[in-house]
Amino acid sequence: MTSATLMLEARLDLKTAAQTATAVMEHDGQDLTLDASQVTHFGALGVQVLRAAARTWSENGHALALVNASSDCVDQMVLLGYEPATITQWEDTE
C-alpha cells in the first residue's frame, strides 16, 4: 500500500477550499498524511474539506492523518469543535 504526505497551504478558507480538496483527492486510493505545520488560518470550509476527506478515506479503507498542526491551526480548529487527532477520523453513525 502506498502512502503520501501533503503540505497544507497557510490558509484553509473560502479562497483555498476547492484547491485543497482537489489536492487531497489526488491522493485518493492511498494512505495520506496532511502536514498542517504552515497553517495560520483554519476556517469552517477547511473543516468541511477535511471531514469530507475523512469520510472518503474511511469508506475506502485507507488511513488519513493530520500532523504537525501549528498553534494557530490548533487554536482555530478547537474553536470550531475539532482537534488535530480526531478531525481526520470518521465515525460511521448509520
Exercise. Please name the pair of heavy atoms, one in Ser37 and one in Met7, separated by the smallest distance, quoted to 0.1 Å.
Key: OG-SD, 3.7 Å
Self-check item: Distance-minimising heavy-atom pair for Asp31 and Ala63
Solution: OD1-N, 2.8 Å
Quiz item: When you measure from the side chain of Gln76 to the backbone N and O of Thr40, does any donor-acceptor pair fall under 3.5 Å?
Solution: yes
Exercise. Indicate the atoms forming the closest heavy-atom contact of Val24 with Ala53, along with that distance.
Key: CG1-CB, 3.8 Å
Quiz item: Does Asp13 have any salt bridge (Lys or Arg N to Asp or Glu O under 4.0 Å) partners at least two apart in sequence or in another chain, and if so, which?
Solution: Arg11
Quiz item: Given the rule in the side chain to side chain contact (heavy atoms under 4.5 Å, CB included) test, do Arg51 and Ile87 qualify, once you have shown the distances and angles that lead to the verdict?
Solution: CA-CA 7 Å; Arg51 294 302 293 156; Ile87 194 163; 3.9 Å; yes
Quiz item: Any sub-3.5 Å donor-acceptor pair from Ser3's side-chain atoms to Leu32's backbone N or O?
Solution: no
Quiz item: Do you know the tightest heavy-atom contact between Val49 and Ala17?
Solution: CG2-O, 3.6 Å
Quiz item: Hey, is the main chain of Val39 close enough, under 3.5 Å, to the side chain of Ser70 for a donor-acceptor pair?
Solution: yes
Self-check item: side chain to side chain donor-acceptor pair (under 3.5 Å) partners of Asp72, counting only residues at least two apart
Solution: none
Quiz prompt | Interatomic distance, Gln89 atom CD to Leu50 atom CG [nearest 0.5 angstrom] | solution = 11.5 Å
Self-check item: Candidate pair Thr33 and Leu6, rule side chain to side chain contact (heavy atoms under 4.5 Å, CB included), full reasoning
Solution: CA-CA 6 Å; Thr33 301; Leu6 176 65; over 6 Å; no
Exercise. Please check if the side chain of Trp57 supplies one atom and the backbone of Gln30 the other of a donor-acceptor pair under 3.5 Å.
Key: yes
Self-check item: Expected output: side-chain Ser58 to main-chain Ala54 donor-acceptor under 3.5 Å
Solution: no
